[in-house]
Structures are given as C-alpha cells and as structure tokens.
J.: 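Have a look at this one before I ask anything.
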Amino acid sequence: MASLAWLLIPLFAAIGAGIWGSWAARDRTQGDISELAGYARFREAMGNADQARAKAEAHSGSDAV
C-alpha cells in the first residue's frame with residue numbers, strides 16, 4: 001500500500017504539470033488588442049492635454065505688463 005502512495009505522487013505531479021502547461025500556453029491575443037486600444041486612448045488624451053495647456057499658456061495674462 002505504501003508503494004501505491006509513492007506512485008501517486010508522480011501521477012499528481014504530472015497532472016499538475018499538464019494543467020499548468022495548458023494554462024501557460026493559452027491564447028492571449030485578446031488582451032493585447034485591448035491593451036493597444038487603451039494605449040491609443042491614453043496617447044490621445046495626453047495630446048489633448050498638451051494642446052489645452054499650450055492654449056492656456058498662450059492666453060494667460062501673466063506676461064502682460
């Protein structure tokens with residue numbers, strides 16, 4: 001009976017390795033697409049912020065004497 005218990009350890013390890021391998025090899029292309037879309041929105045927002053800041057600096061009355 002003890003030898004059967006020792007044979008179950010590699011069996012469970014092989015099952016765990018198979019589960020981990022299938023998880024590690026999963027298709028992740030969907031995440032890349034949403035990440036790139038989020039980055040494009042971020043760049044657009046930063047571009048709008050730069051334009052707004054440039055407009056505010058151009059029309060600030062602090063340099064008028």
Side-chain angles (χ1 to χ4, degrees):
M1 192 62 156
S3 62
L4 182 61
W6 280 105
L7 289 174
L8 288 177
I9 293 172
L11 177 66
F12 287 139
I15 292 171
I19 292 171
W20 178 83
S22 65
W23 176 78
R26 69 190 187 281
D27 186 23
R28 297 184 227 176
T29 56
Q30 182 70 13
D32 293 340
I33 294 170
S34 63
E35 290 280 334
L36 291 173
Y39 181 66
R41 288 192 306 269
F42 171 77
R43 287 185 52 183
E44 182 181 340
M46 288 296 107
N48 291 342
D50 289 340
Q51 292 172 356
R53 187 179 323 127
K55 188 183 289 186
E57 288 175 357
H59 294 293
S60 67
S62 60
D63 55 345
V65 181

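This chain uses plain numbering: 1 for the first residue, then up along the sequence.
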J.: Taking the side chain as every heavy atom from C-beta outward, state whether Glu35 and Tyr39 have any atom pair closer than 4.5 Å.
T.: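 The answer is no; the side chains never approach within 4.5 Å.
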J.: Under the side chain to side chain contact (heavy atoms under 4.5 Å, CB included) test, which residues partner Arg26, sequence neighbours left out?
T.: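 Arg26 satisfies side chain to side chain contact (heavy atoms under 4.5 Å, CB included) with Trp23, Arg28 once adjacent residues are dropped.
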J.: Linking directly or through intermediates, with side-chain heavy atoms under 4.5 Å: list the remaining ILVMFWY members grouped with Ile15, chain and number order.
T.: Leu8, Leu11, Phe12, Ile19
